[in-house]
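The structure presented is a predicted model; accordingly, all values stated were derived computationally and were not measured. Just so we're on the same page: letters track the sequence lines, and every chain starts at 1.
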Amino acid sequence: MHARLFLIGVTLGVLLSSAALSAERSLAVTIYANDLALIQDRREIEVSGGRQRIEFQDVSAQIRPETVSLTAPDISIVEQNFDYDLLTPAKLMEKAVGQDITIVRVNPATGAETREQARVLATNGGVVLKIGQRIEVLRDDGLPVRVIFDKVPDNLRARPTLSVTVDSSRAGSRQATLSYLTPGLGWRADYVALFNEADAKIDVQGWVTLTNSSGSSYDNAQTLLVAGAPNQAGGAGVGFGQVRRPMPARAQRPTLQEAGTESGSREQLGDFYLYPLAERTSIANLQTKQVSFLDVHGVPAEHGYEFHNPWLGTADAPQSAKTVYSFSTSAHAGLGDQLPAGVLRFYLRDKRGDPQFIGESRIDHTPMGSTLSLATGDAFDVKVHAVVDKRTRLGEFEWQTDMRYELTNALPKPVVVKLLQSGLWGDSRISAESQKSVRQSAETAEWPVTVPANGKAALTASFVTRY
Amino acid sequence: MLGRHWLWMVLAGLRSLGAAADEVAVGEVAAGAPSVVAGPPSDVSVTVYRAPLRNSGSMSLNQLGGFALVSETRTVRLAAGENRLRFEGVADGIEPASVIVAGLPGILEKNREGQLLSPSALIAAAVGKPVVFVRSNAKTGKSEALPGTIVSDADGGVVFKTAQGIEALRCSGLAETVEFTSTELSALPTLSVLVRSAQATIATVTLSYLARGFDWSADYVATLSPDGKTLDLGAWVTLANGNGVGFPKARTQVVAGRVNRESGAVEPIDIGSPILAQCWPRGSTSDTPPQSQLQGASPLGFGLLYAPMDARRQMMALAAPAAMQEFAQKVVEEQLGDLKLYRVPDRTTVAARQSKQVRLMDRTAIAVNTVYQADLGADEAERSTPAVKLLRTQNDAAHHLGLPLPSGRVAVFTDRGGASLLLHESAMRDLAVDEEVEIDLGESADVQVKTVKGEVSVDSAHAHISERVQISNARAAGIQFELRLALAPGARVMRADHALAFKNGRPIFRLSIPAGETATLSYQIDSAVRHLVPR
């Protein structure tokens with residue numbers, strides 16, 4: 001869809017001149033990570049002296065009108081209006097009640113046209129007209145009748161329209177800046193990672209993905225992406241169209257293993273990182289646009305397995321362990337960058353050497369120097385069967401839970417599975433275990449269990465808990 | 001074929017490895033960048049993945065919840081300077097964010113346009129612009145052309161203006177239409193890449209993307225021998241493409257194992273809404289149908305809009321047992337990380353809205369045990385329930401198996417007078433080598449399990465519940481029976497008149513019941529009072 005490059009001046013009853021616009025227009029779009037964008041629209045406007053109304057039609061269709069501000073020299077704002085009464089045939093007829101219209105009857109036999117003046121009496125469920133001294137219902141007989149209106153009512157428009165009434169102390173053209181917030185524009189990062197099994201290294205490409213479902217296009221815009229989500233208080237203005245928000249992350253294993261402490265050279269705004277696009281770009285409505293921001297080769301990565309058992313988790317059948325890849329975002333032996341939130345897709349070469357997709361994982365905004373551990377899916381051949389062997393009541397509020405974990409590996413090489421048992425909060429302890437555990441946190445115990453090639457391993461642990 | 005530098009082309013002006021790029025490389029969108037259409041795909045590879053949320057069972061053609069990785073090689077001619085390279089004929093279920101373009105120098109940006117050419121898009125683009133209105137006289141056959149402008153297209157009604165005044169389109173009952181002169185929209189979601197080339201060149205480009213609207217599953221056909229002691233197992237890979245785009249002579253693979261997917265909805269495209277002129281009351285009976293925007297494909301695995309409209313029928317008819325059939329080709333298994341990749345040996349055409357079957361495996365004379373099984377909860381009502389019949393074997397070489405069995409559906413047939421008849425059909429999960437395989441044969445009315453509650457005695461801390469279970473066998477042969485108990489936490493079986501075993505952490509009794517007899521099993525459960533359900 002084309003942005004209409006013209007600012008249309010409309011004459012209001014009293015004085016109001018038309019505000020013309022020049023082609024000198026400069027758009028700046030700042031897109032936040034949470035479906036919000038700040039549009040700064042600089043253009044020449046032609047104003048006459050005194051009070052007048054300026055209409056802006058080529059703004060975002062989802063504009064939050066309460067956030068609009070117009071600044072220009074020698075202009076004071078009287079009021080701002082956002083009109084969303086749309087011009088449809090029915091509205092046109094409704095507004096014509098009590099007024100005269102022209103009807104043209106077409107004789108179906110001869111094609112001859114007869115013109116008459118008519119007054120619209122009502123439009124309730126049907127159009128009632130008064131023609132001369134007769135009253136009739138429009139097209140009640142089904143014969144063709146054209147209806148011609150003299151003008152379009154003032155406040156009916158094809159699109160919701162923003163108008164600002166200003167008081168100008170002088171006439172003449174000047175630079176004005178219109179700025180507002182709009183939902184419907186968003187961005188996130190999309191990463192492509194190719195894992196090389198032979199030397200355990202990954203190549204990572206990062207792309208920013210801009211999406212525009214705001215209903216409008218932004219031509220030749222200077223674009224700035226902010227890796228942050230400013231808080232938005234409720235009451236999001238007049239919403240047109242559907243606002244698409246990313247799916248909420250499911251209750252998931254944490255991906256950030258160790259938060260980084262390195263700083264890079266990227267520009268920051270408060271605590272948000274900024275990703276300016278180097279050159280101007282056009283963002284069309286419903287367009288998805290990707291621009292590269294990261295390309296790193298040969299970063300060491302580790303491939304492992306992980307199985308998380310919830311408290312009292314017991315299964316009828318073995319369950320697959322998760323395949324986990326971990327790597328660093330450090331400047332040294334890592335990606336060497338802050339990673340904006342997004343989805344990282346993993347690829348692996350098959351026997352022919354073709355990259356195949358092996359799963360994806362969402363990451364949050366990640367500082368530089370962090371260690372990321374991303375699950376790509378389930379391992380077909382590495383499974384864990386966790387069972388609650390026995391629950392024994394030790395005292396009135398004290399229980400002993402005996403857990404048994406059987407690990408199987410159908411791969412021709414030994415694997416190490418990071419076995420996690422959670423739910424150990426509160427006053428609980430491990431009273432016996434067949435292998436020493438590492439306590440990740442008060443909540444979770446961890447055992448790195450080695451499972452031989454094409455073999456099995458077992459682990460038992462007893463937990464004493466109170467409640 | 002994908003080259004060594006499949007993914008990575010160094011972007012112009014990219015900083016050295018690991019250095020933070022301060023600015024994202026992007027080109028000025030010169031409206032004048034010449035549009036270049038990439039040639040047709042010369043080599044296509046399709047790798048189909050299952051619906052991520054389906055752990056077992058078969059797919060449904062009405063809800064293809066899986067996806068595919070499509071890789072195509074195309075030849076493009078680039079002019080020196082900026083080019084807008086367009087790829088046409090990509091799958092309609094494409095996930096735009098997953099697009100990878102390899103083999104091009106200096107990619108400035110990748111775009112997927114979501115505004116498609118439709119009558120309403122034409123009208124919307126023409127609002128405020130000069131167009132020509134054409135009104136035909138049905139009687140005389142004459143048509144008159146009137147230059148004018150579209151004033152509004154809000155809510156499906158069109159208001160236009162000509163020298164004669166303001167009118168509403170198609171409210172008069174006359175034959176009226178609008179003529180347009182040009183459009184920049186295209187019929188299908190189009191992928192375009194803005195690329196800057198130092199000189200005119202011919203490049204071989206590999207385009208890879210993930211696309212929704214695919215799925216696959218394994219369909220097993222098991223034939224039970226008349227004595228019930230061995231099984232022949234054959235399987236098909238059934239894959240389907242619900243997209244409107246086909247992939248001729250494609251290298252085709254399927255991947256078994258669950259892969260993690262995060263992307264929910266796909267970026268929406270606007271396929272336009274009909275322009276039935278919405279008029280004043282009674283002016284027309286043509287009501288505008290609800291907006292049919294193709295808003296965001298549904299999340300993966302939750303059904304899909306690329307389902308073929310005419311597929312509202314059962315999935316493929318059950319494949320007959322294939323004992324007599326010969327198979328010219330089978331898929332070849334290979335390890336892909338922790339997943340299993342099955343490659344169709346020869347190139348094949350994955351057509352639009354098609355399901356296709358390729359042989360997965362065939363094994364014969366697999367020794368099986370037949371077991372009747374019942375589950376008993378802690379507070380089961382006193383009534384007779386039929387036991388479930390299971391075929392049990394081990395996925396290893398000794399049992400003529402020992403290969404990964406991807407999830408799907410198992411249909412069990414048996415022979416009756418030379419004809420194969422279906423016994424039961426059930427779902428199967430992914431089974432690795434050496435796992436126990438259980439094939440469900442359904443409930444057996446001949447083996448009934450009845451619980452008789454015994455006495456309950458309660459002391460200060462414990463409740464003792466006596467239970468008696470009667471298992472009746474009306475079959476002509478003796479059976480192996482297993483009773484699995486589901487006990488409340490902390491409850492234990494204190495004493496029983498049969499040997500107690502444990503399987504998967506649950507107490508289990510194994511009984512042999514001769515033909516025509518009823519076995520009685522008595523046991524006592526000791527439970528903490530707090531878990532006793534009051535009766």
Side-chain angles (χ1 to χ4, degrees), chain A residues 1 86-90 93 111 123 125-127 144 146 148-149 158 190 194 209 211 247 264-266 275-282 286-293 314 316 323 336-337 343 348 350-351 354-360 362 376-381 387-389 391 393 410, chain B residues 2 6-7 11 14 18 20 23-29 47 69 96-97 109-115 125 127 137 139-140 152 154-155 157 159 164-168 171-174 257-260 262 264 267 270 279-282 334 336-338 340-341 432-434 489-490 504-505 528:
Chain A
M1 199 183 299
L86 299 182
L87 173 58
T88 63
M93 188 64 90
T123 62
V127 180
R146 282 170 59 198
I148 299 173
F149 301 86
D190 278 285
L194 180 65
T209 305
T211 54
M247 267 225 303
S265 56
R266 279 207 192 275
Y275 295 81
L277 300 198
E279 291 170 68
R280 289 179 175 272
T281 187
S282 289
L286 291 174
Q287 187 182 53
T288 305
K289 180 185 289 295
Q290 288 194 307
V291 178
S292 167
F293 75 96
T314 189
D316 275 351
T323 300
D337 206 344
V343 172
L348 193 65
D350 63 14
K351 289 218 162 56
D354 294 343
Q356 299 287 358
F357 177 70
I358 58 163
E360 66 190 15
R362 189 172 292 282
T376 59
D378 290 354
F380 197 101
D381 286 324
V387 289
V388 179
D389 239 357
R391 290 265 285 164
R393 195 158 181 261
Chain B
L2 300 170
W6 164 66
L7 283 175
L11 290 160
L14 192 87
E23 292 199 319
V24 174
V26 67
E28 184 160 14
V29 181
T47 307
L69 173 68
E109 57 178 48
K110 302 184 279 186
N111 295 301
R112 196 282 320 253
E113 314 298 335
Q115 190 84 59
V127 172
N137 188 314
K139 189 67 194 174
T140 64
S152 173
D155 292 344
V159 177
Q164 300 182 356
I166 313 277
E167 292 184 67
C171 291
S172 62
L174 295 169
R258 199 190 65 81
V259 298
N260 211 25
E262 299 282 0
E267 284 67 31
D270 183 2
C279 288
W280 33 79
R282 163 67 191 99
E334 68 178 63
L336 176 72
D338 289 313
K340 302 287 177 191
L341 182 136
V433 174
D434 284 337
N504 298 339

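- Note: B/N111 leads B/N111, B/V259, B/L69 in heavy-atom pairs under 4.5 Å with chain A.
- In this structure, chain B has heavy atoms under 4.5 Å from both the backbone and the side chain of A/D350.
- The minimum heavy-atom distance linking B/A154 with A/T88 is given by the pair O-CG2, 3.3 Å.
- Heavy-atom pairs under 4.5 Å with chain A were tallied for B/S152, B/G114, B/G257; the largest tally goes to B/S152.
- Of the residues considered (B/T47, B/V159, B/V433), B/V159 shows the highest number of contacts with chain A, using heavy-atom pairs under 4.5 Å.
- Here the shortest heavy-atom pairing between B/G165 and A/I148 reads CA-CG2, 3.7 Å.
- Listed for the B/E262 side chain is a donor-acceptor partner under 3.5 Å among the backbone atoms of A/R362.
- Taking A/D190, A/I358, A/L348, A/L87 one by one and counting their heavy-atom pairs under 4.5 Å with chain B, the maximum is reached by A/L87.
- By the salt bridge (charged side-chain N to carboxylate O under 4.0 Å, His left out) test, B/E167 is found to be paired with A/R146, B/R135, residues two or more places apart in sequence or in another chain being considered.
- For the pair B/C171 and A/P89, the tightest heavy-atom approach, listed with the atom from each and the gap, is SG-CB, 4.2 Å.
- Counting heavy atoms from C-beta on, the side chains of A/D381 and B/K340 come closer than 4.5 Å.
- With a 4.5 angstrom heavy-atom cutoff, B/L341 touches chain A only via side-chain atoms.
- Applying the side-chain contact (heavy atoms from CB on, under 4.5 Å) rule to A/T376 yields the partners A/T323, A/Y325, A/F346; only residues at least two apart in sequence or on another chain are considered.
- From A/T288, atom OG1 reaches atom NZ of B/K110 across 11.5 Å, with rounding to the nearest 0.5 Å.
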